[in-house]
2 protein chains.
Amino acid sequence: MPRKNLKSVRTEEYSRTAFELLCEHGVSGTTVDKVATVAGVSKTNVLHYFGNKTKLLEMALRYGNADLAGEVRALLRRSHTPWERVYSVIFANFSKQYFTPKLAHAWMSLCAEVPHQKAYQRIQTAIHRRMRSNLVDALSKITDGETSERVALSISVMIDGLWMRSGLQSEGISRETALALIEAHLNALFPGDKDRLAARKRIAEICDILHP
Amino acid sequence: MPRKNLKSVRTEEYSRTAFELLCEHGVSGTTVDKVATVAGVSKTNVLHYFGNKTKLLEMALRYGNADLAGEVRALLRRSHTPWERVYSVIFANFSKQYFTPKLAHAWMSLCAEVPHQKAYQRIQTAIHRRMRSNLVDALSKITDGETSERVALSISVMIDGLWMRSGLQSEGISRETALALIEAHLNALFPGDKDRLAARKRIAEICDILHP
DNA sequence: GTCTATGTTGACAACTCAGTCAACAAAAAA
DNA sequence: TTTTTTGTTGACTGAGTTGTCAACATAGAC
């Protein structure tokens, strides 16, 4: 059996540790030394694998984002209709495991650095682009092209805003409130759409099964 | 004539300088030394007036926020109907002068520090509370209490999300796109409301007059 | 047993930054 | 003119951080 490369094992291990510290202390509060100490190795060793701090945090953010991406994929895989795909994106973003203040902190830290760090900008752009294309692809089966772009944008803007709130207020917005707000928005745009309501119910159920 | 206190002159001067650096370089990139150099004085002098860096940045953020608050007040003063007050809040937040990537950067920097700095948390909370109360007060004249709360929240969440986008993407969201998104949202919630449309037109005109 | 590739680390250099302190300058009051 | 108050600063301390380098450890190859 082909033993897993030690390099990739270490890389993932340190990325995970860095990501956890990032959630707790933000970008400026996360030092290479702390990551090394928590991981139980020397700072030199961490630097050996990543070269510098920016690369380390970049990998840490990719690690954290991979989770969310996986959540979206898991729901999309079980979706059969356009509306189910729309709700997959929404429910994944407010999943019980991932819609937490800590993750929101890490994400806001990233966003604050984006204007000054190209590497972080790429990650952020990728996240937004993926969300947009998932939403537009699904919505364009439901309405015209221009409307799908507009609705996709408004949904993702609301998601951003809601994540921000959850990170800011100590008693931030709950998963239920967040979902209710998006639902009210969609309900105003597509009132009484049977397909939509059925899709919402089904994806909500799948969500409950995946995270009991 | 009573000469203005030198202390308050310096305080405002340094706050403004700090705020400009904050827009340009974010919280971690803004050092006491840089503020002092740009203002043309010694670091010791800046520290003399503010005590420590956190206080300095706190005042800087208050300084920056006072501008936006003034914009809201200017429009509210000229509003006569509930819908005009709602649109005052919206248009002020996307005013030509203030809805800029640089201001968005400064604001995101602040938000990223909120979870770790009580002083910044207070400022952020005050901003949100003021926006909420302005919106709810106006909306409660239009619909029932529960709906006003919900709509006020959705509007302010969208405003947050749009500001975030404008800070993130180099070619961020334009003022026009932002206003169009909010408008589509309100139009879906209150379709064809004559009072609303008239109010929107009037506040837009006042905005044009104030910022030609 | 020796050699080599791989993994690991302690010590250290270089730098940045917040905050302190004692002293200096100048204007106002006496 | 002398004294006091107000404003200002250079020099320094001390903590914290990134990144380098030469050396050490170890397991498998020869």
Side-chain angles (χ1 to χ4, degrees), chain A residues 1-22 24-61 106 109-110 112-113 116-120, chain B residues 1-22 24-61 106 109-110 112-113 116-120:
Chain A
M1 48 184 163
R3 194 140 50 100
K4 209 174 179 184
N5 189 0
L6 186 51
K7 182 165 181 172
S8 69
V9 173
R10 287 279 180 276
T11 302
E12 178 165 339
E13 190 183 346
Y14 299 161
S15 295
R16 199 192 63 240
T17 308
F19 180 69
E20 277 157 15
L21 284 175
L22 213 52
E24 204 83 40
H25 303 110
V27 169
S28 63
T30 303
T31 68
V32 180
D33 209 7
K34 274 186 198 158
V35 173
T37 304
V38 172
V41 294
S42 74
K43 182 185 64 168
T44 317
N45 190 246
V46 175
L47 246 38
H48 169 71
Y49 283 105
F50 291 89
N52 58 44
K53 184 187 175 176
T54 305
K55 291 263 175 61
L56 168 63
L57 293 197
E58 193 181 333
M59 294 301 284
L61 288 163
S109 267
L110 160 68
E113 298 299 319
H116 315 104
Q117 284 276 356
K118 288 240 171 95
Y120 301 160
Chain B
M1 49 187 164
R3 195 140 48 98
K4 210 174 179 184
N5 190 1
L6 185 52
K7 182 165 180 173
S8 70
V9 174
R10 287 276 180 280
T11 302
E12 178 164 340
E13 191 183 343
Y14 300 160
S15 295
R16 199 192 61 240
T17 308
F19 180 69
E20 277 156 15
L21 284 174
L22 213 52
E24 204 83 40
H25 304 110
V27 170
S28 63
T30 302
T31 68
V32 180
D33 212 6
K34 274 186 196 159
V35 173
T37 305
V38 172
V41 294
S42 74
K43 182 183 65 167
T44 318
N45 190 245
V46 175
L47 245 40
H48 169 71
Y49 283 106
F50 292 89
N52 58 45
K53 183 187 178 178
T54 305
K55 290 264 176 63
L56 169 62
L57 293 195
E58 193 182 332
M59 293 302 283
L61 288 163
S109 268
L110 160 68
E113 298 300 319
H116 315 104
Q117 284 277 352
K118 287 240 171 96
Y120 301 159

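The chains referred to below are lettered A, B, ... by the order of the sequence lines, with proteins before strands, and numbering in each begins at 1. Note that this is a predicted model, so its numbers are computed, not measured.
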Taking atom [atom2] of [N] as reference, at what distance in whole Å does atom [atom1] of [X] sit?
X	N	atom1	atom2	answer
B:L56	C:dA18	CG	P	9 Å
A:Y14	C:dG7	OH	P	11 Å
B:K34	C:dT16	NZ	P	10 Å
A:D33	C:dT8	CG	P	17 Å
A:E13	C:dT8	CD	P	9 Å
B:K55	C:dG19	NZ	C1'	13 Å
B:K7	D:dT6	NZ	P	11 Å
B:H48	C:dA18	NE2	P	18 Å

Task: Check: A:K53 side chain, D:dG19 base, donor-acceptor under 3.5 Å - done: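 There is none.
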- [ ] Kindly indicate whether the side chain of B:K43 and the base of C:dG19 share any N or O donor-acceptor pair separated by less than 3.5 Å?
- [x]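 For B:K43, whose side chain was compared with the base of C:dG19, there is a donor-acceptor pair (under 3.5 Å).
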Task: Side chain proximity check, A:H48 to A:S42, heavy atoms < 4.5 angstrom - done: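 A:H48 does not reach A:S42 side chain to side chain.
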Open item on the list: By the 4.0 Å heavy-atom rule, please label A:T31 as base, sugar-phosphate, or nothing.
Closed with: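 Result for A:T31 = sugar-phosphate.
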Open item on the list: Any base atoms under 4.0 Å from B:Y49, or only sugar-phosphate, or nothing? Heavy atoms, all strands.
Closed with: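 The answer is sugar-phosphate, as B:Y49 gets under 4.0 Å only of primed atoms, P, OP1 or OP2.
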- [ ] Name the closest nucleotide to the B:V32 side chain, picking from C:dA18, C:dG10, D:dG10.
- [x]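 Comparing C:dA18, C:dG10, D:dG10 against the side chain of B:V32, the answer is C:dA18.
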Under 3.5 Å, side chain of [X] to main-chain N/O of [Y], donor-acceptor pair present?
X	Y	result
B:K55	B:Y49	no
B:S109	B:V27	yes
B:K43	B:T31	no

TODO: Considering just the side-chain nitrogens and oxygens of A:T44, establish if one lies under 4.0 Å of OP1 or OP2 belonging to C:dT9.
DONE: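 Checking A:T44 against C:dT9: no side-chain N or O falls below 4.0 Å of OP1 or OP2.
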TODO: For residues B:F50 and B:L56, report the shortest heavy-atom separation together with the two atoms involved.
DONE: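 Minimum heavy-atom contact is CD2-CA, 3.6 Å.
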- [ ] Would you mind telling me which residue lines up with the more 5' stretch of DNA chain D, B:V41 or A:T30, judged by nearest nucleotide?
- [x]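 Comparing both residues, the 5'-ward one is B:V41.
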